[in-house]
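These notes are about the structure you will find just below.
To find a chain, count down the sequence lines: A is the first, B the second, and so on, and within it residues start at 1.
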Amino acid sequence: DLLLSSLQLSSTSTIIMDYAHKVFGQIVQPDLFMCNTIIRAAAYSSTPSLAFSLYFNQFINISMMRPDSFTFLFLLKACARLSSASTGAQLHGMIVKLGFQSDAFVRNALINLHATCGDLATAHSLFDDTATNDVVARSALIAGYAKRGQLGIARGLFDDETHCHTRDVVSWNIMIAGYVKQGQMDNARQLFDRAPQRDVVSWNTMIAGYAKCGCHARALEMWEEMRNAGGDASPDEATVLSLLSSCADSGALDV
RNA sequence: AUGGCAGUCUGUUC
């Protein structure tokens, strides 16, 4: 139980993961929840591929236990972190075979997986099939296009007025980050200013963008604005990390 | 003991 709960923490060290793996091997009949927990831990670890060997051992070799949608969500996460299109295609096949593709969470994670791996055609057609009114699916797809620099298509999806639930604070952040990644800070800034809500990620995205392109003064200005804006967006570790280089550049680094 | 219930869930910055 102790081990299970330490695996539920957000980050699990390699050592704990290793130990958990050994202990897990001693458990005679782990139930579905236990299997999911260890697969989840593996998926988020530095060796996501371990999730797949655990899956095959527990669900295929050892028992006839049936995986559930959680199991596949974690495998999808592992696969996305591996960024492996071929593993993704196989996993997709398994999911369809077992009938889990109708689960909205699984479907969105699939869209995310293909978008992450660069298989935008597959991601887009999954989206068109059943997910056009789902903001999570849409933003996963937008992120995929933005990642590959296809900002025109990304923007089209973002601006789509023909569907419902097309935007939230996350999708605004994704679109802003897309411009930032291409070094288009003016476009990023324009969107940022138009955004109905900003959270800490919105601010961090802009600050990191200015820092990365060497606009350290602008980065520091944003930080000042962020503090004045107050509200729900208080700075976090990511904010500080981006600011470090800008402070160093301006000579304002007093430690 | 058996049965049930609960717990794990998708997209953005670092």
Donor-acceptor pairs under 3.5 Å, side chain of residues 195-220 of chain A to any protein atom, not counting sequence neighbours: which ones?
{"from": "A:Arg198", "atom 1": "NE", "to": "A:Phe192", "atom 2": "O", "distance (Å)": "2.9"}
{"from": "A:Arg198", "atom 1": "NH2", "to": "A:Phe192", "atom 2": "O", "distance (Å)": "3.1"}
{"from": "A:Arg198", "atom 1": "NH2", "to": "A:Asp193", "atom 2": "O", "distance (Å)": "3.0"}
{"from": "A:Asp199", "atom 1": "OD1", "to": "A:Asn173", "atom 2": "ND2", "distance (Å)": "3.1"}
{"from": "A:Asp199", "atom 1": "OD1", "to": "A:Val201", "atom 2": "N", "distance (Å)": "3.0"}
{"from": "A:Asp199", "atom 1": "OD1", "to": "A:Ser202", "atom 2": "N", "distance (Å)": "3.0"}
{"from": "A:Asp199", "atom 1": "OD1", "to": "A:Ser202", "atom 2": "OG", "distance (Å)": "2.9"}
{"from": "A:Ser202", "atom 1": "OG", "to": "A:Asn173", "atom 2": "OD1", "distance (Å)": "2.7"}
{"from": "A:Ser202", "atom 1": "OG", "to": "A:Asp199", "atom 2": "N", "distance (Å)": "2.9"}
{"from": "A:Ser202", "atom 1": "OG", "to": "A:Asp199", "atom 2": "O", "distance (Å)": "3.3"}
{"from": "A:Asn204", "atom 1": "OD1", "to": "A:Thr239", "atom 2": "OG1", "distance (Å)": "2.6"}
{"from": "A:Asn204", "atom 1": "ND2", "to": "A:Val200", "atom 2": "O", "distance (Å)": "3.4"}
{"from": "A:Asn204", "atom 1": "ND2", "to": "A:Asp236", "atom 2": "OD1", "distance (Å)": "3.1"}
{"from": "A:Thr205", "atom 1": "OG1", "to": "A:Val201", "atom 2": "O", "distance (Å)": "2.6"}
{"from": "A:His216", "atom 1": "ND1", "to": "A:Ser246", "atom 2": "OG", "distance (Å)": "2.9"}

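What separates CG of A:Asp31 from C1' of B:A6 is a distance of 13 Å, to the nearest Å. The CG atom of A:Leu32 sits 14 Å away from the P atom of B:A6 (whole-angstrom rounding). Atom-to-atom, CZ of A:Phe100 to P of B:U8 comes out at 17 Å; the value is rounded to the nearest Å. Across the protein-nucleic acid pair, A:Ile142 atom CD1 and B:U10 atom C1' stand 15 Å apart, rounded to whole Å. Nucleotide B:U10 holds its P atom 9 Å from the CZ atom of A:Phe70, rounded to whole Å. Rounded to an integer number of Å, the gap from A:Asn36 CG to B:U8 P is 11 Å.
Aromatic ring orientation, A:Phe72 versus A:Phe100: tilted (interplanar angle from 30° to 60°).
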_Show, in sequence, the C-alpha distance, side-chain angles and deciding distance for A:Asp68 and A:Thr71, and conclude whether the side-chain hydrogen bond (donor to acceptor under 3.5 Å, both in side chains) test is met._
CA-CA 5 Å; A:Asp68 64 3; A:Thr71 317; 2.9 Å; yes
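A cation-pi arrangement is absent between A:Arg107 and A:Phe105, since the terminal nitrogen or guanidinium carbon is not both under 6.0 Å from the aromatic centre and inside a 45° cone about the axis. Figure legend: cation-pi geometry between A:Arg167 and A:Phe158, with NZ or CZ positioned under 6.0 Å from the six-membered ring centre and within 45° of its axis.
Between A:Arg138 and the choices A:Ile174, A:Asn133, A:Ile111, A:Leu157, the side chain to side chain contact (heavy atoms under 4.5 Å, CB included) rule is met once, by A:Leu157.
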Below 3.5 Å between N/O atoms, which protein atoms pair up with nucleotides 11-14 of chain B? Just atom names and distances, please.
{"from": "B:G11", "atom 1": "OP1", "to": "A:Lys77", "atom 2": "NZ", "distance (Å)": "2.5"}
{"from": "B:G11", "atom 1": "N1", "to": "A:Asp168", "atom 2": "OD2", "distance (Å)": "3.0"}
{"from": "B:G11", "atom 1": "N2", "to": "A:Ser139", "atom 2": "OG", "distance (Å)": "2.9"}
{"from": "B:G11", "atom 1": "N2", "to": "A:Asp168", "atom 2": "OD1", "distance (Å)": "2.8"}
{"from": "B:G11", "atom 1": "N2", "to": "A:Asp168", "atom 2": "OD2", "distance (Å)": "3.2"}
{"from": "B:G11", "atom 1": "N3", "to": "A:Ser139", "atom 2": "OG", "distance (Å)": "2.5"}
{"from": "B:U12", "atom 1": "O2", "to": "A:Asn173", "atom 2": "ND2", "distance (Å)": "2.9"}
{"from": "B:U13", "atom 1": "O4'", "to": "A:Thr205", "atom 2": "OG1", "distance (Å)": "3.2"}
{"from": "B:U13", "atom 1": "O2", "to": "A:Asn204", "atom 2": "ND2", "distance (Å)": "2.9"}

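Around CG of A:Asp31, the count of heavy atoms belonging to other residues, nucleotides or ligands within 6.0 Å exceeds 12.
Taking a pair as Watson-Crick or G-U with both hydrogen-bonding distances under 3.5 Å, no stem of three or more pairs touches RNA chain B.
Between A:Glu225 and A:Arg189, at least one side-chain nitrogen of the basic residue sits less than 4.0 Å from a carboxylate oxygen of the acidic one, meeting the salt-bridge criterion.
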